[in-house]
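Below is one structure, written out as structure tokens; the observations come after it.
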Amino acid sequence: MSDISNGEQRPAMSDPLVFRNVLGHFPTGVVLITGIADDGEPVGMIVGSFTSVSLDPPLVAFLPTVASQTFKRLRTAQSFCVNVLAADQEDICRTFAGRAANKFDGVSWHPSPLGAPVLDGVVAFIDCTFESVSDAGDHHIVLGAVQELQVCSPVAPLLFFQGGYGRFAPLSLSAPFEADLITGVRLAERGRSEMDRLAELFDAECTAMAVISDQMAVNVAVTGSAPGAQDRLGERIPLMPPMGELCLAWEDDDAVDRWLSRALPSDECTPGEYRERLEAVRSRGWSMTMRGGYRDEQIFEALRDYSSGVYTPAQERNIREIISRTSSSYAPVILEEGRRYDVDSLLAPVFDEAGKVRLVLRIAGLPRQADAAAVLAWAEELLQAARKVGASLDPVRASA
Ligand SMILES: Cc1cc2nc3c(=O)[nH]c(=O)nc-3n(C[C@H](O)[C@H](O)[C@H](O)COP(=O)(O)O)c2cc1C
């Protein structure tokens, strides 16, 4: 041990356990390097030390230990192929990280353009010739010249961290903390009888959406017997324009700015227009969405993907793109006497004692082509229910 300037002790670098422990705090991807050895048999070894090296010329590298028996055989191959493992390929990883003689038994693969195995289900492959093999302590540095490469399946890759396996989860629009979700469920439970009453009154579906964080709301309760109603349970709604107006309308400028910052540049609506929408929602006190302004199936699929919590950054960009394209269908509608409206859903905020929106009640599956007076009457009924639910929240907040 030796002292460093702040007086803490620095562990000896020569201690392999310390070395492993500290380096284990750095996550890596997991690839399977394959090749056909000079005896014609396929070989494969798992490495976490794979990296991209150079774009021009295209070079990659990995570091096998000098003691590796598999690398001794791989080195006899004409080429090697980097298989980027998918998050669901942990079993493949464990098989190939072991020392069994017949690791390819029962594994489906096809030859890469240079002839090395590409396993079914991998995210991508990178086919290389050996550029050089140099020494670095107890490892070699193998430089590969990339000859062919392809994304096979753009799914989340397998990751390795502190001796365990995991998958990538984006931080943006991210998953809620479980505790916040449970608080939301408890709050909604307080409103269940009002929700049941509404569902019965309108013969419609009533959902309670809990505001989990400034990034997300989750459907925490559903009543009504509409087909597929229960599928809505657990659905997550990302708070990015145009979604979540009711959750944001009473928030401060900072929260609104954060919401607006999630809008895509391609959005038809400007930040100024979104602020006007929030103002309109605030003065009306409730909001509604109209039927059929966008392709429902596409948005439902995007929300399903988002709700699964398992998506790559590329998929997340796609989800955001689809949501962003719906902005015109959320434009505020001024109800005019004598006209008929095809309302998709009506929404009302449930405030807590401090004036914060904790839940949003939503009724959907209402009769088609209703006149303005009927829509206003429904909204008034919904608002009253929301007020009752709000009044019942305080004991929950005390215990939450
Ligand atoms: C996640 C993970 C990452 C690994 N990374 C490397 C690596 O970068 N270099 C290496 O030589 N072995 C690495 N290994 C170990 C080899 O996969 C494997 O144990 C070895 O090829 C089998 O031993 P053998 O080659 O002597 O038969 C890693 C293993 C795992 C599970």
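Note that ligands are numbered from 1 as they come in the structure, with each ligand's atoms numbered from 1 the same way.
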(message) Between R317 and E321, does any side-chain N to carboxylate O distance fall below 4.0 Å?
(response) no

(request) Please answer: with hydrophobic residues joined when any side-chain heavy atoms are less than 4.5 Å apart, are F202 and V375 in the same cluster? (result) yes

(request) Go through ligand 1 atom by atom and flag the ones less than 4.0 Å from a non-hydrogen atom of L63. (result) 7 (C), 8 (O), 9 (N), 10 (C), 11 (O)

(message) I need the single residue from Y165, F50, F168 that forms a ring pair (Phe, Tyr, Trp, His ring centres under 6.0 Å) with F160. Which is it?
(response) Y165

(request) Output the list of atoms in ligand 1 that are nearer than 4.0 Å to some heavy atom of M45, sorted by atom number. (result) 10 (C), 11 (O), 12 (N), 21 (O)

(message) The criterion is side chain to side chain donor-acceptor pair (under 3.5 Å); which residues satisfy it with R282, sequence neighbours excluded?
(response) E279

(request) Determine the interplanar angle of the F351 and W250 rings, folded into 0 to 90°, and report it as parallel if under 30°, tilted if 30 to 60°, perpendicular if over 60°. (result) perpendicular

Contacts table for residues 364-371: side-chain donor-acceptor under 3.5 angstrom, sequence neighbours left out:
unit_1 : atom_1 : unit_2 : atom_2 : d
D371   : OD1    : A373   : N      : 3.4
D371   : OD1    : A374   : N      : 3.0

(message) Please list, in number order, the atoms of ligand 1 under 4.0 Å from a heavy atom of F160.
(response) 1 (C)

(message) Can you name the atoms of ligand 1, numbered from 1 with element, that are less than 4.0 Å from a heavy atom of T65?
(response) 10 (C), 11 (O)

(request) May I ask you to identify the nearest protein heavy atom to atom 30 (C) of ligand 1, giving residue, atom name and distance to one decimal place in Å? (result) I46 CG2, 3.8 Å

(request) Taking only heavy atoms of T70 into account, list the atoms of ligand 1 that are under 4.0 Å away from them. (result) 21 (O), 24 (P), 25 (O), 27 (O)

(request) Say whether S49, considering both its backbone and side-chain N or O atoms, lies within less than 3.5 Å of an N or O atom on ligand 1. (result) yes

(request) Within a distance under 4.0 Å of any heavy atom of S68, pick out the atoms of ligand 1 and give their elements. (result) 24 (P), 25 (O), 26 (O)

(message) Quick test: of every protein heavy atom, which one is nearest to atom 26 (O) of ligand 1, and how far off is it to 0.1 Å?
(response) Q69 N, 3.0 Å

(request) Verify whether one side chain among S327 and E268 offers a donor that lies under 3.5 Å from an acceptor in the other. (result) no

(message) Pairs of nitrogen or oxygen atoms closer than 3.5 Å, one from G48 and one from ligand 1: do any exist?
(response) yes

(message) Within the 4.0 Å heavy-atom shell around Y165, which atoms of ligand 1 are there?
(response) 31 (C)

(request) Could you list which atoms of ligand 1 come closer than 4.0 Å to a heavy atom of R99? (result) 23 (O), 24 (P), 26 (O), 27 (O)

(request) Note the single closest protein heavy atom to atom 18 (C) of ligand 1, along with its residue, its atom name and the distance in Å. (result) A97 O, 3.4 Å

(request) Kindly state whether the ring of F96 and the ring of F104 have centres lying under 6.0 angstrom apart. (result) yes

(message) Could you tell me if S345 and T289 have a donor-acceptor pair between their side chains, going purely by distance under 3.5 Å?
(response) yes

